[in-house]
Each structure stands twice: as structure tokens, then as C-alpha cells.
Amino acid sequence: MTTVGDRKPAGFEDNDQHPVGHGRMLRKEDPRFVRGRGNYVDDVQLPGMLHLAILRAPVAHARLVSIDTTAAEAHPKVKAVVTGATLETLNLAWMPTLSNDVQAVLVTDKVRFQGQEVAFVVAEDRYAARDALELIDVEYDVLDPVIDVRRALEDAAPVIRDDLEGKTDNHCFDWETGDAAATEAVFAKADVVVSQDIVYPRVHPAPMETCGAVADFDPVEGRLTLWSTTQAPHAHRTLYAIVAGLPEHKIRVISPDIGGGFGNKVPIYPGYVCAVVGSIVTGKPVKWMEDRSENLVSTGFARDYVMRGEIAATRDGRILGIRTHVLADHGAFNGTAAPVKYPAGFFGVFTGSYDLEAAYCHMTAVYTNKAPGGVAYACSFRITEAVYLVERIVDCLAAELAMDPVELRLKNFIKPEQFPYTTKTGWVYDSGNYEPTMRKAMDLAGYEDLRREQAEKRARGELMGIGVSFFTEAVGAGPRKHMDILGLGMADGCELRVHPTGKAVVRLSVQSQGQGHETTFAQIVGEELGIPPADVDVVHGDTDNTPFGLGTYGSRSTPVSGGAAALVARKVRDKARIVASGMLEVSADDLVWDKGSFHVAGDPSTAVTIQDIAMRAHGAGDLPEGYEGALEAQITYNPPNLTYPHGAYICVVDVDPGTAQVKVRRFVAVDDCGTRINPMIIEGQIHGGLTDGVGMALMEIVAFDEDGNCLGGSLMDYLLPTAMEVPDWETGFTVTPSPHHPIGAKGVGESATVGSPPAIVNAVVDALAPFGVRHADMPLTPSRVWDAMRGQARPPI
Amino acid sequence: MQVSMTVNGEEVTREIEGRLLLVHFLRDVLGLTGTHWGCDTSNCGTCVVWLDGRPVKSCTVLAAMAGGHEVRTVEGLAQNGELDPVQRGFMECHGLQCGFCTPGMMMTARALLNENPDPSPDEIREAISGQICRCTGYATIVRSVRWAAAYEADQRADADQPAEPAATTGGAP
């Protein structure tokens, strides 16, 4: 079922006063934010709290010769100085990563990337802690670094991970998916094969709030409270229990208001562990907040895939197969935050939205002397890279065939009747109806008119480009039999309690970093229970007060926790039916639910509301036989499959022939995320992701010089889009519900980050077609576009 | 050293280190944590407050330099418990998500509207161009500021209208 929504003035598609359930509703969290009353980690102020600062390595690869902390320890405001040697005595010098690798908390043997943690100081205030870092004297024996990912596996390359038993090279892993032989066969019979080297450079999520923690260890109770910038408080608690040997029930992780995450706040960073150690050794609460450079040079980067894409087709534009080889730069430690059985994340969806005969991918991942990470920046576990590859290579094919890129896509889309559709790499797309979404985007953009305008401009020597992308995402990990993080299954709990007066509290295992969970989840419960969302309090981000679950990333909150919230509300509704049957003295089977009340079938005048029922369930009166009282339920939702949102994006750019500056003039995004809970919030998520796309396509890169110095270590060097670089977004939607999700919803938080970069790059390449340009790598800065215009396009790394 | 200034209309005097940044003075000394810190290089603008009515990046102002001056922060935006129209606009038009850049954005927006009660979308974009938001993509921030401008224009128009006779508005309260 697909419905195509009318486009009304943006942001006002629905009734603002919707009393119950789904629809546009202003956010419940905003009143505190607009008053400056958010509570972020750095706002936590505890009596006697000390401040922690980390000394970081100035070089990328070096043997640690000695550390002298005497002068730092003598600083009058310093309470503790801790090095890797100290941590070794506590057995805390190394910690597991989320990908079953290990990472040094503090360097004990060798520095493996610039900015790596070497020592930390705990002092009375922030400034004194920083002062004392200057007093630590470290001697390094500098080694040749491995920076060029293409040379990491050469025999002569220095071995970075000599901490691993028997390691003699920089190989991290090899991975493949699809059918190599079948793909070779379709390539052999194809009329046309197009091949293109495509780089998705290293970028960084750079949330406005950097990472940090406040650790408060109570030695008497043996209890640790950790306020932390984490997107996954429960998973973190379990890992702290494993790493630090603290009993899990004595650890409370609180993730208060979070100033943006985008995947940057999924891993456990050495700084968090340092804060815990700092509190244990000083006996005081300890705050650690990284500065912006620390955030950019040491925490989870994103992408860094060097890809070769190949596509095979018939002369008339029927795509037969896609083949790709990827060289993945994982940095010094494999810190990828992805389900462990998916070392390349969900890159396997590189077959895109097309009905292929065969597909194959081979990937080699390597270690380099760069910061660890890889899965972050709203990437839906590497779907950004997959969609970029397929949407770029499809455009390359369109150019080769001299076919309109939209026409080529329409010709090859998976058809609605083919869903559920199993791709050649084994993914089961739950639902989709691609053509109406594509056509809606074309209508909104005025596609034919744009092509006419472009032809006129080209005739005058002006450089206008129109870029199209069409994506299918796979979001909402689990199911848990396939997906786990270090053995923790990717399912999510939910608890719902209706108070005697009919107000409710719902407790989630996921954690908002700006997505508006306090509103959306109140709406889900409100819809199912027939009570106003204003009457539903949402509790999240505190392991002592919420059920276990894996957290918010990979667009999984609505697909997983949203399902849990709907089902737990239905469970409560089932209990309410039993109570109502007692109140109305009829069999529960004779009751009819009417969004907020039950009545005897055929007699609406008998209605008892959920509020009446809640009071009765807590009251002194008789309840039906076997009903214990109260009105509450809990559930763990293990999703049967991922959800597969899709979307069609059209970007219009103008390139200044004199300066090679790219201006994104228009951007039309039509998204289909199934059932829409709060269209205002969805639109906001789309806008944010589109802005990420402009950043990545045109501005952002974390580059390194040959010595391994990070060249993107501040916001002076790592450029993020401002209001000046982005257009007024034009959005639309179609609705193809997920057949397996309890309310038909699909994840949407990362759709635009995934789908927009190829639309922008395709538009720039289209603008440069008069120069014979077929491809140019991101970021398309003026100098790189200038080179492309002169036939000198080069990869960014 | 001792520093005295007016913060949100209140005189404050504190003993501080000369190197203390205004943002840390506001947050750590006065406990006004609505003003945020996001970079070290004056790029992000999460720390924007007013110094004598003009938006400044408080990470680039020493607390000592604010001595004798008037500082206003997001906590001082609402007047007599009444939200500023800019604050309402941000809520009405979804001008915020994680809320981290929001205080700085609103301080700049209020200052803009004080100088230019009817700014165009381009003028709003230029006004906030020294500030970064990673969540909203800016369009809803532009709408939020336009909402506040329109609201205030309505208020001014109402104030110019003579009061209507009671009969036309109905008898009972």
C-alpha cells in the first residue's frame, strides 16, 4: 500500500492540535531547552568534583621511551597523574573495542596514532589540569608511520599492531558477500561494463557537544555513577562491568541530555575509562570533557573506504550486476561500532534499489596509524558508503549509455510486487514502492523544466548540474540472532505503567541525542492507549530506571524501541480489557475498544475510559479473578527483520566557471519511512541529514600528511556547513508501511545523510559534463572542482 | 583578581583568575549552564551571549574584559516569566533538536530582531552564519526567527489598534 501525500507548506502537514497519537506535535523537551535548562554532561556539577585532562601523543607512530610525571605531580592543584604503567598495575591499560579488537586506554608500549591517550591528570579545576599536562615530560622514539592505505599491506610497511600475538602485517580482516562466479558470468555476457574508482574520504560526525563524562565512585558502597555522553547506556554499563571488573548492579550509567551524537557517541572511549579510574584513585567525582581538537583527532571517525565499482548492463539499460572491491582504512585499532557478525557493517546493501542478476563484493580492511572508528556520522552501519557507491556507479553507467539517470533508475527498480525482495547479497527488503517516490521528487523539482533550463544554460557556457539519487536503507538492528554487540543481542526493552489517575510513564532502553524521543514515544503510547501524549512521561538514558536494550544509533529507535513501545501499550490495553470486563460485568470478548475506552458491543453508552480503568485497577474494589492489580506491563522486542526506508533526492547546483565554487541552489528530498509518527520531527531529521550531505560532498575531510599529522583537527580546518552553504530544503513524502513493524514505521534518522551525498556529487559531475568529467571524488572544494574542470581530477587521499 | 559585571540584570562580583574565559565564568562560577561551549576557535557559536546588547562569542572574551559591562544569557531571555517570541518561535517551528546550539542561536536571533524587526531569510542566514547547528539544517531556524518577527509585528499592530467595544467580544467573561 502506498499513498502519496499532498505537499502542503513545509512543516505544517498535520493538525498541530492532534489530541491523541500520531501527527505533528510540538516537542515536549523544548521548553527546557529554549530556557537554557537542558542538562548536558558538562552541566553536571558535584560537590568536590575534580577535573581530568588527557595528554595526547604529538606523533602518529612512536615507541614510548619514558614518561616523567614528577613536575606535574608537584603542581599544587594536581591530585593525581596516571600513565599507562599505572593502568597496567590495575589491569586496565587495554580495553576491548566493539569489534572484538583491543585498544589501549593509555599508551604502554607504542603510540599508534596522533592524538592517542598517553597520560592523564586530575586537578582541582579545568585550567590547572591543562597546565599540568605541560609539565609531563615524555620521550618518544619516532617510527615510520603507515598513512597511505594503499601501501599498508606492503612487505616494507612497519607493523602497527605488534601488540597482537604473531602479527606480522597490517591486515585487519577480509570479507566478502554475494556470488563471485555468478557475477563474473553476468559481466561476461554484458554489452556494457563501466568501472570507476570511488573514494569516500574519512569524515567526522563532530557533534556540537564533544564527548565527556563525570565519574563518581563511592568506595563505601562500591557503587559507580557515570554521567556520560553515550548513545548506548546499557551496553556501556555491561562493558564497564566486564572491563573494570565492577559488579554490573553497582554501576549506574546516566546519559542526560546529549548535544548530538550521529554515531560519535556509540563507542567507549579511553577518556571515559580514565574518568572512572580518576574517581577511583582520588575518591572524588571527576569530570572529563574533551576539547574540539581531541574530539576530531581521537574519537570515532566515519567512512574511509577506497572503492572500485563495476557495473554490467545491456545496451538498452538493463542493469545485470554490480561488483565492488573495497580497501577499508580502520585506523590503529578496529573500533568499528557495528554488529559483530557484520565487520563491514551493512555495506552488503550496495546492490541498492535495483533488481539485479548478480552481485559481489570483496573487502580488505587494514590498520593504519590513524584514529580508530569507521562506523559513525549517521551512516546506518556503512550504508552511506554502499549507497554512494551504487548511486555514483549507476550515474556513470547512465553517462556511458547516454541515458537520462532517472530513466535508467526507473527501468531497473525492484517492482512493488517483488516485495519482500531478497537481494543478491541476502538482504530481505520488507516493503517498497519506488516509482511513485521517484516521480514525486521529479514533480516537486520540476525535473523536465530543470533539464530544459540546463540545456539553455549550457548553450551559454553556464555550469548547471542536476543530480539524482535513490536509496534503500536497512535500519533497525536486530533481530538478535543475527545482530549483537559483543554478544549483547540487539533487542530493546520497554516498560509502561499507567498511574491511578490515568497518566502514564514509559521507560525506554534507547537514548535521544536530539531525535525527540520524549515526544515521539509519548505519541506512540498515546495512539495505542488512547490518551493524550501530554499525559505520558518518557524516561530514558538512565540504566537504573530503564529496561535493558542496545541504544540509539543506526536509525534503530523507532524500528526497535518504537515497536516495543507500541506492543507494551497493547499489552496494557489487554489488561485494561480484563479490568473493564469486571467493571461492566461482561465477558472481555464482548468489549469493543474505541481508542481510549472500552464499551459493551452495540452499546457505546457503557464506555469506561482508560482513566476509569486505571483507577479501578489500583482501587479497593473487586477485580476479575486472577487479576493482581495495577495497570502496567513490560516487554522486550526482538524485531523479526530490519526496516527498509527509501527515498528519491534531486539536487540542483550551479558551478562558478571562474572560481569553481559549487552552490547548491535547490534540493528536493522525498522520503518514505512508512508510518509517520510526527511529521515535524521527521522533516527535521531529513533537513539535518541533507546538511550533512552538503558538508561531506563539498567541504569535509579528515586528511593526514605523510607523517600522520591530522589536518582536520579543528573547526578552522574541518569545515562544517553553516546556514550560508545550504538551501531552503524542499521535502515531500510517500508512505509504504513496514509489513512487520507493529505500527508500520521505518527508521528515518539517517536517510538523508545516506542519500544526499551522491545526489550532490552527481549534480556537480553533471554540471562538469561539458568538460568530459565522469567522476570527481568528495569533497568537491573549489580547488578540487577546478582540477576536475581541467581534466586533473584526483582522489583526495 | 576581582571582577564585577551585570549578568541578566543582576550585579555579580567574583574573585577570578585573570585568564578565565567568560564562558567558563558564566558556566562554572555562576552556574548559568544554558550557555554552551563547543570549540576552541570561535567557529561554532554555541557560546554566544550578549555583551552590552551585542552578540559575542564568550569563549573568546575574558571574564575580566566583561568587567563593568552588561552580559545577557539565554537564562535572561524570558522576561517576567514570559518567553521571548524567539523562544516560542524555536518551539513552534522545530528550530532545535539536540538543543546544544539553541541558546547561542536564539541570542543572535533576538539581537537581529532588535535591529531589524522584519529580516529576510537571507538576512537571518547571514546573522547566524558564525554559528553551527548539526541537527536542523538551518531552514527551521530561519522559520523560527521569521515566526518571531511575524508574531511581534502582530503584537505591534494590535497595540496600534484602538480597543474594541466590549459588546462585540461577547458579554460573559
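Residue numbering restarts at 1 for every chain, and letters A, B, ... go by the order of the sequence lines.
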>> Can you tell me which portion of P727(A) sits under 4.5 Å from chain B's heavy atoms? Options are side chain, backbone, both or neither.
In response: backbone

>> Check this for me, if you would: do D728(A) and R666(A) make a salt bridge, where the nitrogen-to-carboxylate-oxygen distance has to be below 4.0 angstrom?
In response: no

>> At a heavy-atom distance under 4.5 Å, which candidate from D131(A), D125(A), N39(A) has the highest pair count against chain B?
In response: D131(A)

>> With chain A as the partner, which of G34(B), C39(B), G31(B) has the greatest number of non-hydrogen pairs under 4.5 Å?
In response: C39(B)

> Between T46(B), V142(B), T140(B), L96(B), which residue shows the highest count of heavy-atom pairs closer than 4.5 Å to chain A?
Replying inline: L96(B)

>> Heavy-atom pairs under 4.5 Å with chain A: which of M91(B), E75(B), Q87(B) has the most?
In response: M91(B)

> Does a donor on one side chain sit under 3.5 Å from an acceptor on the other, for N295(A) and T210(A)?
Replying inline: no

> With only heavy atoms counted, which part of Y127(A) is less than 4.5 Å from chain B, the side chain, the backbone, both or neither?
Replying inline: both

>> I'd like to know if E92(B) and R143(B) make a salt bridge, using a cut-off of under 4.0 Å between side-chain N and carboxylate O.
In response: no

> Checking I681(A) against chain B: side chain, backbone, both or neither under 4.5 Å from a heavy atom?
Replying inline: both

>> So that I can tick it off, tell me whether R37(A) and D43(A) are bridged by a salt bridge, with the cut-off set at under 4.0 angstrom between side-chain N and carboxylate O.
In response: no

> chain B: which of Q513(A), E725(A), R27(A) shares the most heavy-atom pairs with it under 4.5 Å?
Replying inline: R27(A)

> Is E518(A) paired with R32(A) through a side-chain N to carboxylate O contact shorter than 4.0 Å?
Replying inline: yes

> Does the pair E17(B)/R126(A) count as a salt bridge with the N-to-O cut at 4.0 Å?
Replying inline: no

> When only pairs under 4.5 Å are counted, which of D291(A), I258(A), T691(A) shares the most heavy-atom pairs with chain B?
Replying inline: D291(A)

> For L32(B), is it the side chain, the backbone, both, or neither that has a heavy atom closer than 4.5 Å to a heavy atom of chain A?
Replying inline: neither

>> Do N264(A) and T299(A) pair up side chain to side chain, a donor and an acceptor below 3.5 Å, judged on atom types alone?
In response: yes

> Tell me, side chain or backbone of Y718(A) under 4.5 Å from chain B's heavy atoms, or both, or neither?
Replying inline: neither

>> Under a 3.5 Å distance rule, please check whether R35(A) uses its side chain to pair with a backbone N or O of P31(A) as donor and acceptor.
In response: yes

> Pick from G514(A), S293(A), A723(A), G36(A): which one has the most heavy-atom pairs with chain B under 4.5 Å?
Replying inline: A723(A)

>> Please identify which of these residues, L26(B), T6(B), V12(B), meets the side-chain contact (heavy atoms from CB on, under 4.5 Å) condition with V71(B).
In response: L26(B)

>> As an exercise: rank V86(B), T136(B), I141(B), D122(B) by heavy-atom pairs under 4.5 Å with chain A and give me the winner.
In response: T136(B)

> With no hydrogens and no angle check, do the side chains of T552(A) and S557(A) hold a donor and an acceptor under 3.5 Å apart?
Replying inline: yes

>> What part of E29(A) gets within 4.5 angstrom of chain B, counting heavy atoms only: side chain, backbone, both, or neither?
In response: neither

> Given that the side chain runs from C-beta out, which part of E290(A) has a heavy atom under 4.5 Å from chain B: side chain, backbone, both or neither?
Replying inline: backbone

> Contact part of P205(A) toward chain B, heavy-atom cut-off under 4.5 Å: side chain, backbone, both or neither?
Replying inline: backbone

> Is the closest side-chain donor-acceptor distance between S42(B) and T60(B) under 3.5 Å?
Replying inline: yes

> Who wins among A752(A), S714(A), G688(A) for the most heavy-atom pairs under 4.5 Å with chain B?
Replying inline: G688(A)

>> What part of R88(B) gets within 4.5 angstrom of chain A, counting heavy atoms only: side chain, backbone, both, or neither?
In response: neither

